[in-house]
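Encoded as structure tokens, the structure appears first; notes follow it.
Residues: numbered from 1 along the sequence shown. The basis for the numbers below is simple: all heavy atoms, side chains too, and nothing from hydrogens, waters or symmetry mates.
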Amino acid sequence: MKRKIETSELIFRIVAYFILIVFALMCVYPLVYVLSSAFSSSSAINSGAVILWPVDVQADAFVGVLTNNKFWINYANTLFVTFFGTVWALGYSILGAYALSKKRLLGRHGWNFFLVFTMWFSAGIIPQYQNYAATSEIFGAIGISDLKWTIVLAMGMNATNIILLRNSFEGVPSEIEEAARIDGATELQILTKVYLPMSKATIATVALFFGISRWNGYFWAFKVIPEGQSYSWPIQVYIRDYIDKYTSIAGGTKNDPDAVQNWDLNYNYSAVSAVYSMVVCAIIPILAIYPFIQKYFAKGVNMGGVKE
């Protein structure tokens with residue numbers, strides 16, 4: 001028998017769906033605007049005619065971006081930093097979380113307290129910068145001049161992700177570990193054959209968190225890698241530099257439109273369209289990967305975020 005919906009519940013559903021629809025539109029509109037601006041002509045962009053749909057549709061901006069060798073060099077840098085940075089951070093986060101999940105660890109409560117303490121109080125920007133500077137000096141001393149490795153290795157730990165992994169490992173039944181030990185499994189085998197397979201959802205979620213943070217990493221790459229090593233910039237720093245040099249978004253060209261005009265004379269698109277085309281190219285990998293990891297997301301956060 002179908003249950004009759006009460007008036008109060010019906011009103012709640014209507015309001016809830018309305019809020020969700022409005023929120024979804026607010027999230028989708030920036031992406032639609034970016035796509036529309038990327039495919040609009042220079043005159044449409046400069047006149048502000050683009051509001052929702054493309055005006056004077058053209059793909060010259062994308063062609064210009066796709067044939068820009070420097071863009072692809074910086075794009076490859078972002079792929080490099082994201083892949084190796086995620087593997088590095090995830091690897092030692094798993095090792096740290098596995099150790100902290102063991103009650104036999106000497107001083108376990110103290111180590112967990114220090115981990116959580118870093119979430120309450122941050123050392124600030126200056127100590128972090130000193131960390132990057134020291135890492136760069138060490139790399140220089142051993143002959144590594146490419147500062148991408150500084151971003152990969154120095155930008156590592158995240159206390160929240162370690163706690164998620166630790167809680168997930170604590171949820172693995174101890175009886176399974178004891179059975180593995182009786183069968184002669186080593187500590188490494190227990191980790192790789194028992195804990196990791198039983199925590200796939202949380203590991204995938206944490207890998208997503210690390211990957212997005214590395215892919216969107218801008219500030220420290222901008223501070224650590226000088227313009228003289230622009231060949232090592234990730235794509236986010238390159239886009240920021242492009243904005244500063246060629247568009248009126250940055251204050252430096254706001255009253256000096258010569259750069260924008262000269263750019264428009266050479267191509268049938270504005271520098272703003274080029275920026276939006278780069279942004280679209282930059283978010284494609286995340287949009288492509290996220291649907292495959294989304295199924296693990298809610299399960300992973302619940303497993304790692306709730307301790308029984």
>> Salt bridge or not between Lys103 and Glu177? Use side-chain N to carboxylate O under 4.0 Å.
In response: no
> Below 4.5 Å, heavy atoms only, C-beta onward: do Val87 and Phe210 meet side chain to side chain?
Replying inline: no
> Nearest heavy-atom pair of Ala282 and Ile235: which atoms, and what distance?
Replying inline: CB-CG2, 4.5 Å
> Sub-3.5 Å donor-acceptor pair from the side chain of Arg108 to the main-chain atoms of Leu100, do we have one?
Replying inline: yes
> Would you say the ring centroid of Tyr75 lies under 6.0 angstrom from that of Trp215?
Replying inline: yes
>> Which label fits Phe84 and Trp149: parallel for a plane angle under 30°, tilted from 30 to 60°, or perpendicular past 60°?
In response: tilted
> Would you say Ile138 and Trp88 are hydrophobically clustered, going by side-chain heavy atoms of ILVMFWY under 4.5 Å?
Replying inline: no
> Can you check whether Ser37's main-chain N or O pairs, donor with acceptor, with Ser273's side chain at less than 3.5 Å?
Replying inline: yes
>> Pair Leu95, Leu191 - check side-chain contact (heavy atoms from CB on, under 4.5 Å), show working.
In response: CA-CA 9 Å; Leu95 295 177; Leu191 172 61; 3.9 Å; yes
> Between CG of Leu66 and SG of Cys281, what distance do you get to the nearest 0.5 Å?
Replying inline: 5.0 Å
>> If you count every heavy atom of other residues, nucleotides or ligands that lies below 6.0 Å from Tyr92 atom OH, does the total exceed 12?
In response: yes
> Passes side-chain contact (heavy atoms from CB on, under 4.5 Å), Ile176 versus Met198? Steps please.
Replying inline: CA-CA 11 Å; Ile176 299 178; Met198 298 187 68; 3.7 Å; yes
> Any side-chain heavy atom of Ser199 sitting closer than 4.5 Å to one from Val172?
Replying inline: yes
>> With rounding to the nearest 0.5 angstrom, report the CG to CG distance, Asn112 to Leu105.
In response: 8.0 Å
> In Å and rounded to the nearest 0.5 Å, what is the CG to CG distance from Asn74 to Leu79?
Replying inline: 11.0 Å
>> Is it true that Tyr238 and Asn68 share a donor-acceptor pair across their side chains at a distance under 3.5 Å?
In response: yes
> At their closest point, which heavy atom of Ala61 faces which heavy atom of Ala274, and how far apart are they?
Replying inline: CB-N, 4.2 Å
>> So does Thr160 get a backbone contact from the side chain of Asn158, meaning a donor-acceptor N/O pair under 3.5 Å?
In response: yes
> Hey, is CG on Leu106 packed in by over 12 heavy atoms from elsewhere, all under 6.0 Å?
Replying inline: no
> Below 4.5 Å, heavy atoms only, C-beta onward: do Leu31 and Ile283 meet side chain to side chain?
Replying inline: yes
> Nearest 0.5 Å, what's the CD1-CG distance between Ile94 and Leu196?
Replying inline: 5.5 Å
> Using 4.0 Å as the upper bound for N to carboxylate O, is an ion pair formed by Glu187 and Lys102?
Replying inline: no
> What do the steps show when you test Tyr276 against Phe39 for ring-ring contact (aromatic ring centres under 6.0 Å, His included), and what is the final call?
Replying inline: CA-CA 9 Å; Tyr276 286 137; Phe39 285 101; over 10 Å; no
> Are Val34 and Val28 connected in a single hydrophobic cluster, I mean Ile/Leu/Val/Met/Phe/Trp/Tyr linked by side-chain heavy atoms less than 4.5 Å apart?
Replying inline: yes
> With a 4.5 Å heavy-atom cut-off, do Asn77 and Tyr231 have their side chains touching?
Replying inline: no
>> Within the 4.5 Å heavy-atom criterion, are Asn161 and Thr205 side-chain neighbours or not?
In response: no
> Is there a side-chain contact (heavy atoms from CB on, under 4.5 Å) between Leu115 and Ile163 once you walk through the steps?
Replying inline: CA-CA 8 Å; Leu115 180 66; Ile163 291 174; 3.8 Å; yes
> Is Trp233 close to Phe222 at the side-chain level, that is, under 4.5 Å between some pair of heavy atoms?
Replying inline: no
> At their closest point, which heavy atom of Val50 faces which heavy atom of Ser40, and how far apart are they?
Replying inline: CG2-OG, 3.3 Å
> Should Arg181 and Glu175 count as an ion pair when the cut-off is N to O under 4.0 Å?
Replying inline: no
> With the 4.5 Å side-chain cut-off for hydrophobic clustering, are Phe113 and Ile162 part of the same group?
Replying inline: yes
> Does CH2 belonging to Trp111 count more than 12 external heavy atoms closer than 6.0 Å?
Replying inline: no
> When rounded to the nearest 0.5 angstrom, what distance separates CD1 in Ile243 from CE in Met278?
Replying inline: 9.0 Å
> What pair of heavy atoms forms the shortest contact from Trp72 to Val65, and how long is it?
Replying inline: NE1-O, 3.8 Å
> Side chains of Ile190 and Tyr98: does their closest heavy-atom pair fall under 4.5 Å?
Replying inline: yes
>> Tell me whether Ser101 contacts the main-chain N or O of Arg166 through its side chain, where contact means a donor paired with an acceptor under 3.5 Å.
In response: no
> Roughly how far, to the nearest 0.5 Å, is NZ of Lys200 from OG of Ser168?
Replying inline: 12.0 Å
> Taking all atoms of both residues into account, what is the closest heavy-atom pair of Ser93 and Ala89, and its distance?
Replying inline: OG-O, 2.6 Å
> Of the non-hydrogen atoms in Ala185 and Gln189, which two are nearest, and what is the gap between them?
Replying inline: CA-OE1, 3.3 Å
>> Is there a path of hydrophobic side-chain contacts, each under 4.5 Å between heavy atoms of I/L/V/M/F/W/Y residues, joining Ile19 to Ile21?
In response: no
> Any chance the rings of Phe71 and Tyr242 have centres within less than 6.0 Å?
Replying inline: no
>> Do Ile51 and Leu35 sit in one hydrophobic cluster, given that two such residues count as connected whenever their side-chain heavy atoms are within less than 4.5 Å of each other, even indirectly?
In response: yes
> Is Phe219 atom CZ crowded by more than 12 heavy atoms from other residues, nucleotides or ligands, each under 6.0 Å away?
Replying inline: yes
>> With side-chain contact (heavy atoms from CB on, under 4.5 Å) as the criterion, how do Leu90 and Val206 come out once you've worked through the C-alpha distance, each side chain's angles and the decisive distance to 0.1 Å?
In response: CA-CA 7 Å; Leu90 184 63; Val206 171; 3.8 Å; yes
>> Less than 4.5 Å apart, side chain to side chain, heavy atoms only: is that true for Pro234 and Tyr218?
In response: no
